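One structure is given here, and the rest of the page talks about it.
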Number of protein chains: 2
Amino acid sequence: MRWSEGFIAVDWGTTNRRGYALDASGRLIAETEDDKGILSVPKECFPEAVAELRAALGNKPLLMGGMIGSNRGWREAPYVPAPAGLRDLAGHLQWIEGENAAIVPGVSWEEGESADVMRGEEMQILGAAAAGLIPQDAVVCHPGTHNKWIRLEGGRIIRFKTVMTGELFNLLREHSILADLLWEPAAPNAAFARGVERGLAEDCLTADLFSVRARVLLGKMPRQDAASYTSGLVIGTDVRTGLKSMAAEEVVVMGRPELTSLFAAALDVAGRKSRVIDGEEAFLAGAKHLVEALS
Amino acid sequence: MRWSEGFIAVDWGTTNRRGYALDASGRLIAETEDDKGILSVPKECFPEAVAELRAALGNKPLLMGGMIGSNRGWREAPYVPAPAGLRDLAGHLQWIEGENAAIVPGVSWEEGESADVMRGEEMQILGAAAAGLIPQDAVVCHPGTHNKWIRLEGGRIIRFKTVMTGELFNLLREHSILADLLWEPAAPNAAFARGVERGLAEDCLTADLFSVRARVLLGKMPRQDAASYTSGLVIGTDVRTGLKSMAAEEVVVMGRPELTSLFAAALDVAGRKSRVIDGEEAFLAGAKHLVEALS
């Protein structure tokens with residue numbers, strides 16, 4: 001197998017994986033998606049899970065990013081400390097099967113007592129910068145289970161901050177006393193904007209969350225507003241935290257469209273411009289430029 | 001059945017219930033506890049569940065407080081709006097079985113867009129004030145699944161604020177990415193104090209929570225410190241929120257000993273004095289004084 005003749009890029013997460021076949025010029029020619037995230041694959045079954053991908057996408061070399069490189073994945077790829085660019089990732093790939101498969105490492109950041117880690121977002125962000133989709137110097141907000149705020153300088157990740165916004169919202173929707181109020185999908189409507197304003201202004205999220213229940217019980221908030229308001233509350237809190245950590249007039253919002261639209265709306269409420277970049281496009285750019293950096 | 005000859009007081013919550021038999025002078029003569037919280041009793045089975053209590057504690061009138069009066073309980077007892085004292089509760093009991101059983105209402109608070117509700121804590125707080133266990137004017141912190149901060153004036157609840165601290169910590173421990181770090185019981189040790197300091201000082205709880213994982217992964221925090229540190233983080237955030245909402249030099253901390261000790265330790269870090277009151281003793285005082293107010 002030769003990388004220059006095309007390869008398979010895999011975004012291999014905790015609960016899902018997406019595989020893409022790229023031709024010699026880096027053009028997407030086929031793709032597949034399933035629910036074989038790392039948690040559903042026993043350690044010894046990764047070779048088999050990879051064989052399935054090759055059966056679907058062609059017998060090519062494999063570049064894998066995301067949780068596949070965590071201690072729960074196929075092979076641990078230790079974090080590369082920030083500042084980190086695409087060449088730093090390329091220099092620290094975790095090679096498997098000789099030179100036919102590689103796992104992209106995550107990025108870590110430490111300063112004094114503080115520390116943070118990412119695994120998966122780095123390929124999108126550095127890929128978007130390498131492909132010119134975003135400036136070399138930028139603040140990027142990457143919504144997801146663990147939302148990241150990233151400071152990019154000269155096309156490298158300088159520092160970043162993770163906020164557990166997506167996971168918190170999912171915990172609330174699935175397991176909390178607010179669960180029966182949060183079944184509707186959140187939308188960037190007027191209730192969402194009110195939640196964002198509250199999240200931006202105040203610093204008692206855990207009190208504001210309970211007040212959603214109280215206000216619905218006492219008839220002060222329509223039940224159908226609760227999901228959007230609560231989403232606005234946690235996202236507004238997130239945006240306040242991110243902008244406090246890294247000041248920016250314009251923020252790049254990168255990720256899945258259903259999440260980037262909510263964060264772009266929240267940034268608008270916060271008086272900031274935003275530029276939305278599709279995470280999948282950025283991932284493919286990252287894979288292509290990373291493989292180019294290998295040769 | 002005559003109330004003046006003694007009665008049964010029941011603290012009937014979501015997952016547990018505690019029953020106490022009091023004699024004519026209000027002295028505790030027997031008690032029972034089981035897991036028949038309201039969520040495990042179908043609506044039509046409450047008479048049977050009450051019969052069990054009488055079989056264990058004597059055939060006496062029944063005074064019930066807590067979630068038994070919620071829309072998911074035996075019979076809904078609408079909230080009494082603050083300011084509310086023990087006589088207000090006594091005047092709005094929800095009577096069942098003629099005059100042989102009564103449910104104590106919860107308390108609500110509204111101001112502008114803000115709203116809050118409590119159900120269960122009011123009997124403890126007002127009981128402690130009526131019995132002279134705490135001053136008539138006080139700030140009370142009542143830890144639990146939904147922690148309450150209460151301003152008491154003239155022995156009445158003037159206003160209060162709920163913080164979802166206990167529920168958040170349980171969600172994190174049971175369902176989150178931090179779950180495997182939080183299995184140890186939290187203790188008011190040095191790691192706890194560091195978490196409290198961080199929670200008191202900063203306002204990005206959802207970012208600080210993720211950093212626990214990052215710091216353990218990168219070897220900056222011993223794994224065995226994670227539970228106490230995280231507990232300190234959420235409790236410190238809670239104390240900051242409570243003290244911001246109602247300034248106090250001394251705070252009464254009321255509830256179960258395993259929780260009050262953590263909150264008292266956090267208040268100490270915040271430079272506040274605290275006085276710990278056992279919640280069960282306060283509940284019994286509330287029941288006794290409430291029944292006295294009936295005659």
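What you see is a predicted model, and the numbers here were worked out from it, not measured in a lab. Basis for what follows: all heavy atoms, side chains included, without hydrogens, waters or symmetry-related copies.
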Inset, instruction - Give every residue pair that meets the side chain to side chain donor-acceptor pair (under 3.5 Å) criterion with at least one member in residues 227-236 of chain A, sequence neighbours excluded. - result: A:N189-A:S228, A:R215-A:Y229
Inset, instruction - Report, by ascending residue number, the residues of residues 139-151 of chain A in heavy-atom contact with chain B at a distance under 4.5 Å; give 'none' if the set is empty. - result: A:H146, A:K148
Legend entry - Residues in residues 107-117 of chain B near chain A [non-hydrogen atoms, under 4.5 Å]: B:S108, B:W109, B:E110, B:G112, B:E113, B:S114, B:A115, B:D116, B:V117
Inset, instruction - Using a cut-off of under 4.5 Å on heavy-atom pairs, state which of B:K161, B:K220, B:R213 scores highest against chain A. - result: B:K220
Inset, instruction - Measure A:L217 against the heavy atoms of chain B and call it side chain, backbone, both or neither at under 4.5 Å. - result: side chain
Inset, instruction - May I ask you to name which of A:V234, A:V163, A:N71, A:V212 has the most heavy-atom pairs under 4.5 Å with chain B? - result: A:V163
Inset, instruction - Can you check whether anything in residues 167-174 of chain B gets within less than 4.5 Å of chain A, heavy-atom wise, and list it by number? - result: B:E167, B:L168, B:L171, B:L172
Inset, instruction - Nearest 0.5 Å please: distance from the CZ atom of A:R240 over to the SG atom of B:C204. - result: 8.0 Å
Legend entry - Most chain A-contacting option - heavy-atom pairs closer than 4.5 Å, from B:S211, B:S176, B:P78: B:S176
Inset, instruction - Given side chain to side chain contact (heavy atoms under 4.5 Å, CB included), test A:D238 with B:T206 step by step and report yes or no. - result: CA-CA 8 Å; A:D238 185 305; B:T206 39; over 6 Å; no
Legend entry - B:H175, NE2 atom: more than 12 neighbouring heavy atoms under 6.0 Å: yes
Legend entry - From CG (A:D208) to OG1 (B:T241), nearest 0.5 Å: 9.0 Å
